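Sequence lines set the chain letters: A, B, ... in the order given, protein chains first and strands last, and positions in each chain run from 1. Since the model is a prediction, treat every value here as computed from it, not as a measurement.
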Protein chains: 2
Amino acid sequence: MDISKILDHIHQLPEQSKLALQNNVTEMAFSKGHILLKANKVEPNIYFIKKGLVRAYVERDNEVTFWFGKEGETIISMKSYVEDQPGYETIELLEDCELYELKTENLRKLFNEDVHIANWGRKFAEKELIKTEERLISRQFKNASERYLELMKDHPELLQRVQLGHIASYLGITQVSLSRIRAELK
Amino acid sequence: MDISKILDHIHQLPEQSKLALQNNVTEMAFSKGHILLKANKVEPNIYFIKKGLVRAYVERDNEVTFWFGKEGETIISMKSYVEDQPGYETIELLEDCELYELKTENLRKLFNEDVHIANWGRKFAEKELIKTEERLISRQFKNASERYLELMKDHPELLQRVQLGHIASYLGITQVSLSRIRAELK
DNA sequence: GAAAAAAATTAACAAATGATAAAAAATGAA
DNA sequence: TTCATTTTTTATCATTTGTTAATTTTTTTC
């Protein structure tokens with residue numbers, strides 16, 4: 001998905017504002033396995049995914065995956081982006097990726113100069129917020145197998161592209177539990 | 001907490017922009033038990049809490065509380081605010097409250113006219129997003145008693161002001177489980 | 001302050017999920 | 001293809017959390 005479409009998909013922008021954003025974007029490619037973003041560092045960029053798949057995980061005793069990002073989605077360490085604080089997530093590429101890089105610093109300048117871009121940034125945060133809120137509520141209401149079925153329904157392609165260990169931790173269960181759930185559904 | 005302080009606390013605003021917001025705000029009072037906002041309706045307003053305490057819950061077989069709001073916080077049906085869609089939450093007053101009401105429609109006008117207000121709205125969503133993300137991650141990492149201890153540490157006053165049934169459902173466990181956890185901690 | 005109602009705790013058992021280990025299946029490299 | 005490695009499944013047992021019901025404590029109302 002190319003940058004113009006990605007930007008518009010977040011929130012429709014006037015041509016001039018969109019160009020201002022596009023002019024600050026650099027295209028780059030990384031291969032599967034690359035660690036794009038390290039936990040406990042302030043990350044000075046955000047990325048839009050042109051092609052590929054990534055995951056965000058937090059490291060404790062084990063790795064806990066809490067987000068998958070694919071074509072059209074935005075890779076962002078919220079703590080860095082919002083508070084200039086080190087984030088808790090590491091971003092790993094699960095497939096070869098083509099990305100668009102945008103310096104947070106430049107984006108902030110644009111936020112202050114252009115009301116359309118400010119509202120675009122607002123819409124971005126609001127939409128992410130709704131997604132996160134829905135996941136939290138799904139967590140509160142649904143047991144593990146219901147959450148698995150929900151994921152199968154909403155993002156079936158993830159099950160093809162991601163290994164089950166990552167899916168399990170995304171769902172908040174162990175891989176063994178996920179295997180059991182899958183066996184029961186057969 | 002008065003409206004000027006609430007607005008600045010979300011994100012510092014130039015005096016003129018702050019006044020523009022304040023001019024659109026109406027103060028009102030409701031008593032404990034009042035249902036401010038009904039699930040499955042598009043809610044045309046947002047509210048800032050001057051004084052009091054509320055909870056947001058979703059109704060299934062049982063009521064599941066997923067948010068508490070107190071002085072200085074914002075009551076908002078994200079689905080209504082962002083997408084003009086009916087929200088899933090009902091808001092109930094747990095104490096007598098004094099609120100500031102702001103019509104979403106007027107706020108949207110201000111977002112398009114004033115870049116400071118647009119960025120204020122952006123910051124609001126971003127901060128809410130970080131809070132929600134942190135709760136989701138806490139859910140993924142911590143078991144019930146760890147989440148209870150975390151709540152005791154971060155919001156001890158809630159345990160004084162809210163009955164344990166609501167706390168339990170906020171933590172994603174039954175009231176009986178919460179009692180058991182509290183007994184074990186003694 | 002007594003009675004009634006609501007909230008919180010306790011107990012006993014059921015169900016779901018976790019932990020560990022071993023086996024089977026799938027994937028990748030030579 | 002074959003061998004080695006990684007991933008997934010299966011099995012067993014432990015732990016956590018849920019469910020139901022009874023009891024105790026606290027709060028509210030008269």
Side-chain angles (χ1 to χ4, degrees), chain A residues 31-35 53 55 57-58 60-66 68 92-96 136-152 156-186, chain B residues 31-35 53 55 57-58 60-66 68 92-96 136-152 156-186:
Chain A
S31 41
K32 177 173 173 170
H34 178 71
I35 301 296
L53 185 68
R55 70 175 179 123
Y57 65 89
V58 178
R60 289 284 199 282
D61 339 312
N62 45 355
E63 290 176 0
V64 179
T65 299
F66 68 95
F68 295 108
E92 178 198 12
L93 274 56
L94 298 177
E95 299 175 357
D96 293 348
L136 184 64
I137 288 175
S138 154
R139 228 2 136 62
Q140 207 126 354
F141 277 109
K142 297 183 175 167
N143 62 25
S145 59
E146 288 168 330
R147 296 201 299 276
Y148 174 69
L149 288 169
E150 182 181 51
L151 183 68
M152 285 229 298
E157 78 291 356
L158 276 187
L159 293 166
Q160 309 309 317
R161 292 169 78 178
V162 179
Q163 64 191 52
L164 291 176
H166 296 153
I167 299 276
S169 89
Y170 178 84
L171 293 172
I173 55 178
T174 60
Q175 169 154 3
V176 174
S177 284
L178 180 56
S179 266
R180 182 159 40 199
I181 285 167
R182 285 161 58 88
E184 278 160 12
L185 290 175
K186 271 179 208 154
Chain B
S31 41
K32 177 174 172 168
H34 177 72
I35 301 295
L53 185 69
R55 71 176 178 121
Y57 65 90
V58 178
R60 289 284 200 280
D61 338 313
N62 47 353
E63 291 177 358
V64 179
T65 299
F66 68 95
F68 295 109
E92 179 197 11
L93 273 57
L94 298 177
E95 299 174 357
D96 294 347
L136 184 64
I137 288 174
S138 155
R139 231 1 139 62
Q140 207 127 355
F141 277 107
K142 295 183 176 169
N143 64 23
S145 60
E146 288 169 330
R147 297 202 298 275
Y148 174 69
L149 288 170
E150 182 182 51
L151 183 68
M152 286 230 296
E157 78 290 356
L158 277 186
L159 293 166
Q160 310 308 315
R161 293 167 78 178
V162 179
Q163 64 192 50
L164 290 176
H166 296 154
I167 299 276
S169 89
Y170 178 83
L171 293 173
I173 54 178
T174 61
Q175 170 155 4
V176 175
S177 283
L178 180 55
S179 268
R180 184 163 33 201
I181 285 166
R182 286 160 57 88
E184 279 161 11
L185 290 176
K186 270 176 207 156

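- Here the P atom of nucleotide D:dG18 and the NZ atom of A:Lys142 are 18 Å apart, to the nearest Å.
- In terms of phosphate contacts, A:Thr174 brings a side-chain nitrogen or oxygen within less than 4.0 Å of OP1 or OP2 of C:dG18.
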Tell me, with the steps shown, if A:Ile181 and A:Leu171 meet side chain to side chain contact (heavy atoms under 4.5 Å, CB included).
-> CA-CA 12 Å; A:Ile181 285 167; A:Leu171 293 172; over 6 Å; no
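- Distance CD1 (A:Ile167) to C1' (D:dT9): 16 Å, rounded to an integer number of Å.
- What separates CG of B:Leu159 from P of C:dA7 is a distance of 17 Å, to the nearest Å.
- A 4.5 Å side-chain heavy-atom check between A:Glu150 and A:Ser138 finds at least one atom pair inside the cut-off.
- Positionally, the nearest nucleotide of DNA chain D for A:Arg180 lies more toward the 5' end than for the other of B:Gly172 and A:Arg180.
- When the P atom of C:dA11 is taken as reference, atom CD of B:Glu184 falls 12 Å away, rounded to whole Å.
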Check against side chain to side chain contact (heavy atoms under 4.5 Å, CB included), B:His166 and B:Tyr170 = CA-CA 6 Å; B:His166 296 154; B:Tyr170 178 83; over 6 Å; no
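- The side chain of B:Ala144 sits closest to D:dT17 out of D:dT17, C:dA8, C:dG18.
- Protein atom CG of A:Leu185 is 13 Å distant from nucleotide atom P of C:dA16, rounded to whole Å.
- Residue B:Ser179 places none of its side-chain N or O atoms closer than 4.0 Å to OP1 or OP2 of C:dT10.
- Annotation: of the two residues near DNA chain D, B:Ile173 and B:Lys32, the 5′-most nearest-nucleotide partner is B:Ile173.
- In terms of position on DNA chain C, the residue among B:Gln163 and B:Val176 whose nearest nucleotide sits closer to the 5' end is B:Gln163.
- Inter-residue side-chain proximity for A:Glu92 and A:Ile35 is flagged as met; some heavy-atom pair is nearer than 4.5 Å.
- Between the CZ atom of A:Arg182 and the C1' atom of C:dA16 there is a distance of 19 Å, rounded to whole Å.
- Inter-residue side-chain proximity for B:Phe66 and A:Leu136 is flagged as unmet; no heavy-atom pair is nearer than 4.5 Å.
- Rounding to whole angstrom units, CZ of residue A:Arg139 and P of C:dT17 are separated by 11 Å.
- Following rounding to the nearest Å, B:Glu146 (CD) and D:dT17 (C1') show an atom-to-atom distance of 14 Å.
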